[in-house]
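Could you have a look at this structure, given as structure tokens, before my questions?
As the structure is a computational prediction, the values presented were derived from the model and not from experiment.
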Amino acid sequence: MSFPLLTATAALPAVGAVATAAVPAARRTAAKWLALVVSLATLALAITVLVRFDPDGARYQLTESRAWIADFGVRYELGVDGIAVALIALTALLIPFIILAGWHDADPLETGSRRWRPTQGFFALILAVEAMVLISFEATDVFVFYIFFEAMLIPMYFLIGGFGDHAHAQGEEAASTQRSYAAVKFLLYNLVGGLIMLAAVIGLYVVAGNFSLQEIAQARANGSLHMATSTERWLFLGFFFAFAVKAPLWPLHTWLPNAMQESTAPVAVLITAVVDKVGTFAMLRFCLQLFPEASKWATPVILVLALISIVYGALLAVGQRDIKRLVAYASISHFGFIIMGIFAMTSQGQSGATLYMVNHGISTAALMLVAGFLISRRGSRLIADYGGVQKVAPVLAGTFLIGGLATLSLPGLAPFVSEFLVLVGTFTRYPAIGIIATFGIVLAALYVLVLYQRTMTGPVKPEVSAMPDLRVRELVVVAPLIVLLIFLGVYPKPVTDIVNPSVKQTMSDVHKSDPKPSVEAAK
């Protein structure tokens, strides 16, 4: 039997989480290094998955299948297509940077006689989330996917509620209350979505008799599995609701600004750049493959919701006074683009959406982590508390600018290519939706440039006059992300070559082809 590479890739951070949590309290530095080494080893395994994957080969590769709960048709089945491989690589790449960026975020603090924030727990929880996200990308059994889709909520709840941001103007007691509120809101929203999905998972088993994605999709394709139209639509809605909460799609998005505001910057990156991608990925893997006709039936409504997310998120980002909430609303707008690309039902739109997932992860990580370094120096998340930072910390200001320009999809930086593909793919089938969505680009330029102007330019405020520039550890975190943004901005081919064959197969699942140009080329 061949080496179970996919299992190893997900199991390594899980084992590392247990080992990190078991490090004695007095050896917290050792716990940090252990977590970092485990994350780098996981990255090495993810790179191996990337190298061994053949874009021109079978749809699902490196597959593993073992009996698990045979009486209920549950098998431990893993496999990756090009979309999953790209997101596995993104996840494994970002976790070491998240750990490095949060190197001191969970150091013990003294509040009176109370010692709190165990360092080992913080890094163990990050590794636990990584393990669950990776196996969610790998699972081709619907029940296995559901277990880890829900299980990742537990470590995320403790990361938000127990290790939140301490740059709070109203004192520690108020901060603790708001952290608890944000964590509970995150948990409740996602639990409700998960419970609705569980009902749909059970319904799918009743109809299909098993949980295997590949078997169900094949049975639907060859006509051996018939699903009534109403049944398919109800099951689709059950799956899509859970994924829309995770994504997050308007109007199910309201947990995200609270969660990102109250989290440390590395945990905020973990939420929006890693965990939320499971929602949009699952729309491609499960909604479109299992319920193709229902996906087409729901497309007009979903596109309208995505369009609202784009404009609504950008408008609210413009009016924010809190740096983290601004990035959160910007992410809601960006996820609107991703979902719009998925349901445009064109190869350009879906390729752009997949590429957008990768590029958004990198650009948001760059912007939010630099913002976290800025906030830790000043002790405030409020935009009004800054001014003139570029004069005292030019490297910090420069990296903040590049992260911001990537967020507004400046040509030459990675998100531009993906956003362009999404808009082109949407316009060819839904021109009105594509035209209105372009206003999101204009608004993005407004909120990013205004943020930079208010924090980095103008007179130097006394509170930032002694602000140090980026340190070596912080440069190690930010510099590779900046390099990737530039590289993928001018040469996205390595990613598109991996994802395009999977996108074509997904288009085939929903029996869609790209629309022909309405005007023939001049002869």
Side-chain angles (χ1 to χ4, degrees), residues 11-44 91-134 152 154-168 172-173 175-176 179-180 182-183 259 262-271 273-275 365 368-379 468 470-478 480:
L12 180 58
V15 173
V18 175
T20 301
V23 173
R27 304 288 303 276
R28 62 176 181 271
T29 301
K32 297 177 183 180
W33 281 105
L34 176 59
L36 180 60
V37 169
V38 169
S39 68
L40 291 172
T42 304
L43 175 59
T91 301
L93 173 70
L94 290 181
I95 296 299
F97 296 127
I98 288 172
I99 290 173
L100 271 176
W103 199 252
H104 298 297
D105 285 357
D107 287 348
L109 296 178
E110 297 290 341
T111 304
S113 62
R114 187 165 64 95
R115 193 168 185 268
W116 56 293
R117 291 205 303 175
T119 304
Q120 292 85 338
F122 178 75
F123 293 100
L125 289 169
I126 290 175
L127 291 176
V129 172
E130 178 183 23
M132 294 173 187
V133 169
L134 288 174
M152 71 180 70
I154 299 171
M156 284 307 309
Y157 169 81
F158 288 108
L159 282 170
I160 297 168
F163 300 91
D165 187 9
H166 289 265
H168 201 288
E172 176 55 33
E173 185 176 351
S176 178
R179 284 198 304 272
S180 298
E262 299 303 326
S263 300
T264 64
V267 173
V269 171
L270 188 65
I271 295 170
V274 176
V275 172
M368 180 56 84
L369 292 178
V370 177
F373 299 148
L374 179 69
I375 292 168
S376 66
R377 285 159 164 74
R378 174 66 177 83
L470 291 183
R471 303 178 179 91
V472 173
R473 173 180 59 86
E474 295 165 336
L475 284 171
V476 170
V477 170
V478 176

inquiry  = As an exercise, state the distance from CG of Leu270 to CG of Leu94, rounded to the nearest 0.5 Å.
reply    = 9.0 Å
key: Atom CZ of Arg27: over 12 foreign heavy atoms under 6.0 Å   = no
key: Rounded distance (nearest 0.5 Å) linking atom CG of Leu369 with atom CG of Leu100   = 10.0 Å
inquiry  = Taking the side chain as everything from C-beta on, heavy atoms only, tell me whether Ile126 gets closer than 4.5 Å to Thr20.
reply    = no
request  = Kindly compute the distance separating CD1 (Ile99) from CG (Leu127), expressed to the nearest 0.5 Å.
outcome  = 5.0 Å
note = salt bridge (charged side-chain N to carboxylate O under 4.0 Å, His left out) pairs touching residues 31-40, sequence neighbours excluded, are Lys32-Asp107
remark   = The reported gap from CZ in Phe123 to CG in Leu34 (rounded to nearest 0.5 angstrom) is 11.0 Å
Residues Val267, Met156; criterion side-chain contact (heavy atoms from CB on, under 4.5 Å); working and verdict = CA-CA 8 Å; Val267 173; Met156 284 307 309; 4.2 Å; yes
query = Shortest non-hydrogen contact from Ala182 to Glu262?
reply = CB-CG, 3.8 Å
query = Going from CD1 on Ile95 to CD1 on Ile98, what distance comes out if it is rounded to the nearest 0.5 angstrom?
reply = 4.0 Å
request  = Without swapping roles, check the side chain of Gln120 against the backbone of Pro24 for a donor-acceptor pair under 3.5 Å.
outcome  = yes
inquiry  = Using every non-hydrogen atom in the two residues, find where Pro96 and Leu36 come nearest and quote the distance to one decimal.
reply    = O-CD1, 4.0 Å
query = Excluding sequence neighbours, so at least two apart, what forms side chain to side chain contact (heavy atoms under 4.5 Å, CB included) with Ile154?
reply = Phe158
note = Residues at least two apart in sequence or cross-chain that pass side chain to side chain contact (heavy atoms under 4.5 Å, CB included) with Phe97, listed by chain then number, are Leu93, Val477, Pro480, Leu481
task = Determine the minimum heavy-atom distance between Pro155 and Met132, stating which atoms define it.
result = CG-SD, 4.2 Å
remark   = When every non-hydrogen atom of Arg473 is compared with those of Ala101, the smallest separation belongs to NH1-O, 3.5 Å
query = Thr42 and Glu130: which non-hydrogen atoms are nearest, and at how many Å?
reply = CG2-OE2, 3.4 Å
message = Distance check, rounded to the nearest 0.5 Å: Glu474 atom CD versus Ser376 atom OG?
response = 6.5 Å
message = Show the nearest heavy-atom pair for residues Gly372 and Ala265, with the distance to one decimal.
response = CA-CB, 3.5 Å
